[in-house]
Peer 1: 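Following this message is one structure expressed as structure tokens.
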Protein chains: 2
Amino acid sequence: MANLINVAKLAGVSRATAARAFSSPESLRPETHRRVVEAARALGFRPNKVAQQLRAQATLMLGVMVPSLDNPVFAEQLQAMEEAARAAGYSLIVTTSSYEPSREEAIVEEMLRQRVDGLALTVADADHSAVLAKLRRENTPCLLVHNPPATSYFSSVGVDNHTAMADATRHLIALGHRRIGMIGGPLLQSDRARLRHEGYREAMVAAGLTSLPLIEMPRHTQVALSQLEPVLGGADGLTAVLCTNDLLAISLIGELRRSGRSVPGDLSVMGFDGIELGRHLYPSLSTVVQPRAEFGRVAVETLLALIRGEDPQPRPLPHVLREGESAGSPPAPYQAPEPSVS
Amino acid sequence: MANLINVAKLAGVSRATAARAFSSPESLRPETHRRVVEAARALGFRPNKVAQQLRAQATLMLGVMVPSLDNPVFAEQLQAMEEAARAAGYSLIVTTSSYEPSREEAIVEEMLRQRVDGLALTVADADHSAVLAKLRRENTPCLLVHNPPATSYFSSVGVDNHTAMADATRHLIALGHRRIGMIGGPLLQSDRARLRHEGYREAMVAAGLTSLPLIEMPRHTQVALSQLEPVLGGADGLTAVLCTNDLLAISLIGELRRSGRSVPGDLSVMGFDGIELGRHLYPSLSTVVQPRAEFGRVAVETLLALIRGEDPQPRPLPHVLREGESAGSPPAPYQAPEPSVS
DNA sequence: TTGTAGGCGTTATCAG
DNA sequence: CTGATAACGCCTACAA
């Protein structure tokens, strides 16, 4: 109904002239331009992006796939991406994968059919991802977010997970902790979990301490304290725990306090991600801050560079240790009462 | 390059036949079908949705606009919407408005140009929204999420904010509280804030108690304790506070504890939204649960019904009071020491 | 400054 | 069962 043809008719000009009234108004006689604009308004004309996209062979759309939006780290990053994309004239198609390969597959296929100009993906394990393997054969620009560079075929935006977790570990060691454990969500095989655990291990070893295997929690957002009891109790129980994300840390703190323990009195807890909320809790969360807003901006910028055909080499984003109230000195070891001097 | 024409050529058939191999394979001779499929695979053919959308005059896309993704209530709802939409064959274009009218305007215009099949919007105040006024003149189906029905021109999905907050208030009253206040984010004029405050007021009045004005915090996610001190201290200070969202409540609890007060010992705190995280905190959050996942499902279903030309009449979604550890009995009033009997 | 015309990739209609 | 053709709405050489 309200297309350029009708606008042209009503204005008494050709399709081309009507089109030019929008794409290059300065090339029109003012009077002509006015007539077209007038007609467009009268008809409630609104340019059809779908037709523009078909014609231009470009959609100005980016496809974004995150594992979930339940974790604020992804939601906050997505928010930043959306703002950056909008500022550059791009729209976002947003999907969640739950890390399920079949969904990842379907989502990416769908987005390719939609002819998105670029993809920003977060997958479980970039090294063993079927969907990434397939994407190598396509020529749609693709950027990994959070996933380490891996095969280095795809550009990637994220912090240095290895160093970041090593820093967190050293922080706890500096506070005096010696028996430090680490817990993670149900995806121990994820590339980030591996790197973070490796960072922890290295820092422990470098300090002459014993590193423990990553303890797997049944969910990404909730600890099962019962699974932790064995390593907590006793004289040689842990005095500090690193978590692979803030939600786990928050849940752990809650469970500990509910079980009558104090944080950090009985156990120090550190998170990872630096979600906003962590600042406001009591005890506030000690954590490794990933700059989520910068993530979003850099991700979009990098992806747009890829789309322009450039070869951006994004550097790892800087992480920051945010000291909160959830990590402190270890409890004083139990001392047998000594005879007093006096 | 890899379009139907080339596939047709390679398969030695016409465009139409090539197309049919995908849209109605059963209408082709098996051998023909095989040849087309073979050719498609050889060329890496992938149907072009943009062309399909242009041709079909429908995009199978929904436009979603939320105020922000920093608040898990929106992120969790969005996640549910995405899953429901995907299940129905729709994609989501996601945007954030920060409640800024100019962004709302630009976003909606953009989505209309993109010819989304429907819009799901959350605005600050549905009664005084310029963008909604404009949308009334368009014929793109539009659904409000969270906003109360307002003018009743647009369908709307959400809880009954009035009753929900009244329920929360009655809960505190039942616990023994008499001096109960309410705090909100910086958008006191939002339709939901109004309704919730009204619900609070009614419940207070019905119990013969004094309702107070909504106290405005500078941000949606963070309290300024200094602004609250006046109403907290003293013998007639508040014993309980209702918050318009969970993040405010969590922040309030953190600030209170950091200032040496206990929750709920000194002050009971209730949130609103029921974000997952609230369960895991210590003290766990007493709150009014909005069924976010159901929100998402119902929103998508309702919007799809609108798109089909039906006239769905979504009922308010049921809210649930979740009792947590952050609300309890009020502190015993200060008693002047009495002469002991003995 | 404005008009003409072809094509972006797909699908529905109508013949054959 | 298959082929030819027009149309979805827009843009942009190329002409005039």
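Note that the structure is predicted; figures quoted are calculated from it, not measured. Proteins get letters first, then strands, A, B, ... in listed order; numbering begins at 1 in each. Only this structure's heavy atoms are used, side chains among them; waters, hydrogens and symmetry mates stay out.
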Peer 1: Among dC1(D), dG3(D), dT10(C), which nucleotide sits nearest the side chain of Arg29(B)?
Peer 2: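 The nucleotide sitting nearest to the side chain is dC1(D).
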Peer 1: Please report the end-to-end axis angle for the helix from dT1(C)-dA16(D) to dG16(C)-dC1(D), five pairs per end, rounded to 10 degrees.
Peer 2: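 Helix axis angle between the two ends: 40°.
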Peer 1: Do you know which of Glu82(B), Gln77(B), Glu76(B), Glu83(B) makes side-chain hydrogen bond (donor to acceptor under 3.5 Å, both in side chains) with Gln79(B)?
Peer 2: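 The side-chain hydrogen bond (donor to acceptor under 3.5 Å, both in side chains) with Gln79(B) is passed solely by Glu83(B) among Glu82(B), Gln77(B), Glu76(B), Glu83(B).
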Peer 1: Write down the distance between NE2 (His33(A)) and P (dT1(C)), rounded to a whole number of angstrom.
Peer 2: 13 Å
Peer 1: From CG of Asn48(B) over to C1' of dC8(D), roughly how many Å is that when rounded to an integer?
Peer 2: 13 Å
Peer 1: Between Gln57(B) and dG9(D), is there a side-chain N or O to OP1/OP2 distance below 4.0 Å?
Peer 2: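 Checking Gln57(B) against dG9(D): at least one side-chain N or O falls below 4.0 Å of OP1 or OP2.
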Peer 1: Can you measure Ile5(B) atom CD1 to dG7(C) atom C1' for me and round it to whole angstrom units?
Peer 2: 10 Å
Peer 1: Let me know the distance between CD of Gln53(A) and P of dG9(D), rounded to the nearest Å.
Peer 2: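 Value for this atom pair: 15 Å.
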Peer 1: Please work out if Leu54(B) contacts a base, only the sugar-phosphate, or nothing of the nucleic acid, heavy-atom cut-off 4.0 Å.
Peer 2: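 Answer is base: heavy atoms of Leu54(B) come under 4.0 Å of a base.
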Peer 1: What pair of heavy atoms forms the shortest contact from Thr59(B) to Gln114(B), and how long is it?
Peer 2: CG2-O, 3.7 Å
Peer 1: Whole Å only: how far is the CZ atom of Phe22(A) from the C1' atom of dG9(D)?
Peer 2: 13 Å
Peer 1: Over 60° means perpendicular and under 30° means parallel, so classify the ring planes of Phe45(A) and Phe22(A), tilted if in between.
Peer 2: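 The rings of Phe22(A) and Phe45(A) sit tilted, inter-plane angle from 30° to 60°.
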Peer 1: Could you grab the distance from atom OG of Ser155(B) to atom CG of Leu306(B), nearest 0.5 Å is fine?
Peer 2: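 Going from OG on Ser155(B) over to CG on Leu306(B), the span is 4.5 Å.
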Peer 1: Between atom CG in Leu4(B) and atom C1' in dT10(C), what is the gap in whole Å?
Peer 2: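 In whole Å, dT10(C) C1' lies 7 Å from Leu4(B) CG.
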Peer 1: Atom pairs, N/O to N/O, protein against nucleotides 12-16 of chain D, distance under 3.5 Å?
Peer 2:
unit_1  : atom_1 : unit_2   : atom_2 : d
dT12(D) : O4'    : Arg55(A) : NH2    : 3.4

Peer 1: If you count heavy atoms of other groups shown closer than 6.0 angstrom to NZ of Lys134(A), is the number above 12?
Peer 2: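 Correct, the count exceeds 12.
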Peer 1: What is the nucleic acid contact for Val13(B), judged by heavy atoms within less than 4.0 Å: base, sugar-phosphate only, or nothing?
Peer 2: sugar-phosphate
Peer 1: Less than 4.5 Å apart, any side-chain heavy atom of Leu69(A) and any of Leu69(B)?
Peer 2: no
Peer 1: Can you tell me how far apart OG1 (Thr302(B)) and CZ (Arg315(B)) are? Round to the nearest 0.5 Å.
Peer 2: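 So the gap between those two atoms works out to 12.5 Å.
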Peer 1: Between atom CZ in Arg115(B) and atom C1' in dC10(D), what is the gap in whole Å?
Peer 2: 11 Å
Peer 1: Identify the heavy atoms of Ala42(A) and Leu10(A) that sit nearest to each other, and give their distance.
Peer 2: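 Scanning both residues, the minimum pair turns out to be CB-CD2, 4.1 Å.
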Peer 1: How long is the line joining CG of Leu43(A) and P of dG9(D), in whole Å?
Peer 2: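 Going from CG in Leu43(A) over to P in dG9(D) covers 13 Å.
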Peer 1: So, using side chain to side chain donor-acceptor pair (under 3.5 Å) as the criterion, who are the partners of Tyr90(A) when residues are at least two apart?
Peer 2: none
